[in-house]
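Data block below; observations after.
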Amino acid sequence: MITKIDEIRKKLENLYAQYDIYILPALKFLLALILYLGINGLLGYMTQLNNIFVVLVLALISAVLPLNGIVVFSFLLCTAHCFGLGLEIGLCAVILFLLMALLYFRFVPGDSLALILTPAAFFLRIPGAVPLALGMLRGPLSALSAALGVVAWQFLHVVRTDVAAAAAGEEVNSLALIEILGNGLFREGQLWVLVLAAAAAALLVSFVRRLDIDQAENVALGTGCAAYLVIMLAGGILSGSGMSVPAVIFGTLGAGALVWLLSVFVYQPDYAGSQRLKFEDDEYYYFVKAVPKRGAARRVYQAGSGTEQPEIRLPEPEFYEPEPENQEELQGVDIGEKLEETLKDL
């Protein structure tokens, strides 16, 4: 199976290398189109924006912008729909998304996909996929991206379920809507449980993945899945939020399987062929653990070991003789004659 995945990965790399100028804008267009349609389907309170032509125009613009442009358009689209629901909800959205944008662009501006894909992960019932993938591919600061994505999703979910239902009923004043929004966000501590689980999973996976152990990626993924599952179940029990235990378990397993497949595409270490090497110079000894990539290291048989080990070849040093600066002037000159003339002068 791993061999088939490697073949697919190499074919995709070659395809992307040849047609990246066309593939990247097309992927960004599809991603933006799906995201904007999802926002309109989830909220859709401003009828002027709930239009396929508006979505197509925004997606076309996003195709030529960096991924952070999709994040900005998503924030603006969500805020506009919140204003369509009510002025006070729109102001709350402005404050929340502005704070999120300041934190995001200040600390983790390269994690745009985390904010974009978090709603999709929650919709597919695998919310742990994003923090696990962030820990596998990014650094510890990506825990902030995971937390911001969870907060954004929870805000939109509460607006759609609690606030929209209250606003559609009898006349409700502004303070009552804000109170409903606050109660929905912090109800039974569910938001804090989700944020803590996402941040802890991203941090643990990022830390364990950097340890000097065999199968570090798989160990990190297993540790992250276990931590996410324990925090979600324990937090759900302590807060009494009424989380579905089977949904949490199967969602975490599905997220782990998806991130494992992603890690196989990204990392290709062949731990069976690893070798520890020792170098030294005048001042230090150097101990290096060399782990070849799958299918990249040439193997040789070492007598007496009974196993095959990867052959590590260091580049041969290059030596050269410096040419004299005045080589043309020295050609045809009798060195003996010059020496005798010098002695006569002395």
Go through the steps to decide whether L262 and L137 satisfy the test side chain to side chain contact (heavy atoms under 4.5 Å, CB included), and finish with yes or no.
CA-CA 9 Å; L262 176 65; L137 303 178; 3.7 Å; yes
Apply side chain to side chain contact (heavy atoms under 4.5 Å, CB included) to the pair F250 and R125, showing each step before the final yes or no.
CA-CA 9 Å; F250 287 110; R125 307 290 183 179; over 6 Å; no
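Across A129 and V259, no two heavy atoms sit closer than the pair O-CG2, 3.5 Å. Looking at every heavy atom in both residues, A143 comes nearest to L203 through CB-CG, 3.8 Å. The nearest pair of heavy atoms linking P131 to A198 is CB-O, 3.3 Å. Taking every heavy atom of both residues into account, V205 and A220 meet most closely at CG2-O, 3.4 Å. For the pair L49 and A80, the tightest heavy-atom approach, listed with the atom from each and the gap, is CD1-CB, 3.3 Å. Taking each heavy atom of L134 and S142 in turn, the nearest pair found is CD1-O, 3.5 Å.
Cluster annotation: W260 and L258 are assigned to distinct hydrophobic clusters (Ile/Leu/Val/Met/Phe/Trp/Tyr, side-chain heavy-atom contacts under 4.5 Å, transitive). Hydrophobic clustering keeps L33 apart from I23 (ILVMFWY residues linked when any side-chain heavy atoms are closer than 4.5 Å, directly or through intermediates). Clustering ILVMFWY residues whenever any of their side-chain heavy atoms sit less than 4.5 angstrom apart, transitively, puts L30 in the very cluster that holds L115. Cluster membership for V193 and L185, using ILVMFWY side-chain heavy atoms within less than 4.5 angstrom, is shared. Placement of L27 and F29 in two distinct hydrophobic clusters is found when ILVMFWY residues are connected by side-chain heavy-atom separations under 4.5 Å, directly or transitively.
Annotation: side chain of L277 is not in contact with side chain of F287 (no heavy-atom distance under 4.5 Å). Residues I52 and L37 have side chains in contact (heavy-atom distance under 4.5 Å, counting atoms from C-beta outward). Inter-residue side-chain proximity for Y286 and K278 is flagged as unmet; no heavy-atom pair is nearer than 4.5 Å. Between L91 and F83, some side-chain heavy-atom pair lies under the 4.5 Å cut-off. The shortest side-chain heavy-atom distance between L181 and D162 does not fall under the 4.5 Å cut-off. No side-chain heavy atom of V54 sits under 4.5 Å from any side-chain heavy atom of N40. In this structure, the side chains of I126 and F122 stay at 4.5 Å or more apart for every pair of heavy atoms.
Taking CZ of R160 as the start and CG of L85 as the end, the distance is 12.5 Å to the nearest 0.5 Å. In this structure, the separation between OG on S206 and CG on L141 is 9.0 Å, given to the nearest 0.5 Å. Summarising the geometry, atom CD1 belonging to I39 is positioned 4.0 Å from atom OG belonging to S74; distances are rounded to the nearest 0.5 Å. The OG1 atom of T118 sits 11.5 Å away from the CG atom of L194 when rounded to the nearest 0.5 Å. Separating the CD1 atom in I116 from the OG atom in S112 is a distance of 5.0 Å, to the nearest 0.5 Å. Atoms CG and CZ, from L77 and F97 in turn, are 10.0 Å apart once rounded to the nearest 0.5 Å.
Here D212 pairs with K289 under the salt bridge (charged side-chain N to carboxylate O under 4.0 Å, His left out) rule; sequence neighbours left out. Applying the side-chain contact (heavy atoms from CB on, under 4.5 Å) test to A257 and every residue at least two apart in sequence or in another chain returns nothing. Every residue two or more places apart in sequence or in another chain that forms a side-chain contact (heavy atoms from CB on, under 4.5 Å) with T223 is listed here: L204, V208, V219.
With hydrogens and angles disregarded, no donor-acceptor distance shorter than 3.5 Å links the side chain of D111 to the backbone of A114. R209 contributes a side-chain N or O that, together with a main-chain N or O of M136, makes up a donor-acceptor pair within less than 3.5 Å. A distance-only check finds no donor-acceptor pair linking the side chain of N50 to the backbone of M46 [under 3.5 Å].
Between Y45 and H81, the ring planes are perpendicular. Angles over 60° get that label, and only those under 30° would be called parallel.
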Donor-acceptor pairs are to be reported for all side-chain atoms of residues 225-234 against protein atoms at under 3.5 Å, with residues two or more places apart or in another chain.
none

Donor-acceptor contacts, no H, no angles, side chain residues 148-158, under 3.5 Å, sequence neighbours left out:
none

Under 3.5 Å, sequence neighbours excluded: what are the donor-acceptor pairs made by side chains of residues 60-70?
from: S62; atom 1: OG; to: Y36; atom 2: OH; distance (Å): 2.8
from: S62; atom 1: OG; to: L58; atom 2: O; distance (Å): 2.8
from: N68; atom 1: OD1; to: Y104; atom 2: OH; distance (Å): 2.4
from: N68; atom 1: ND2; to: P109; atom 2: O; distance (Å): 3.2

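Surrounding CG of L102 are more than 12 heavy atoms belonging to other residues, nucleotides or ligands, all under 6.0 Å away.
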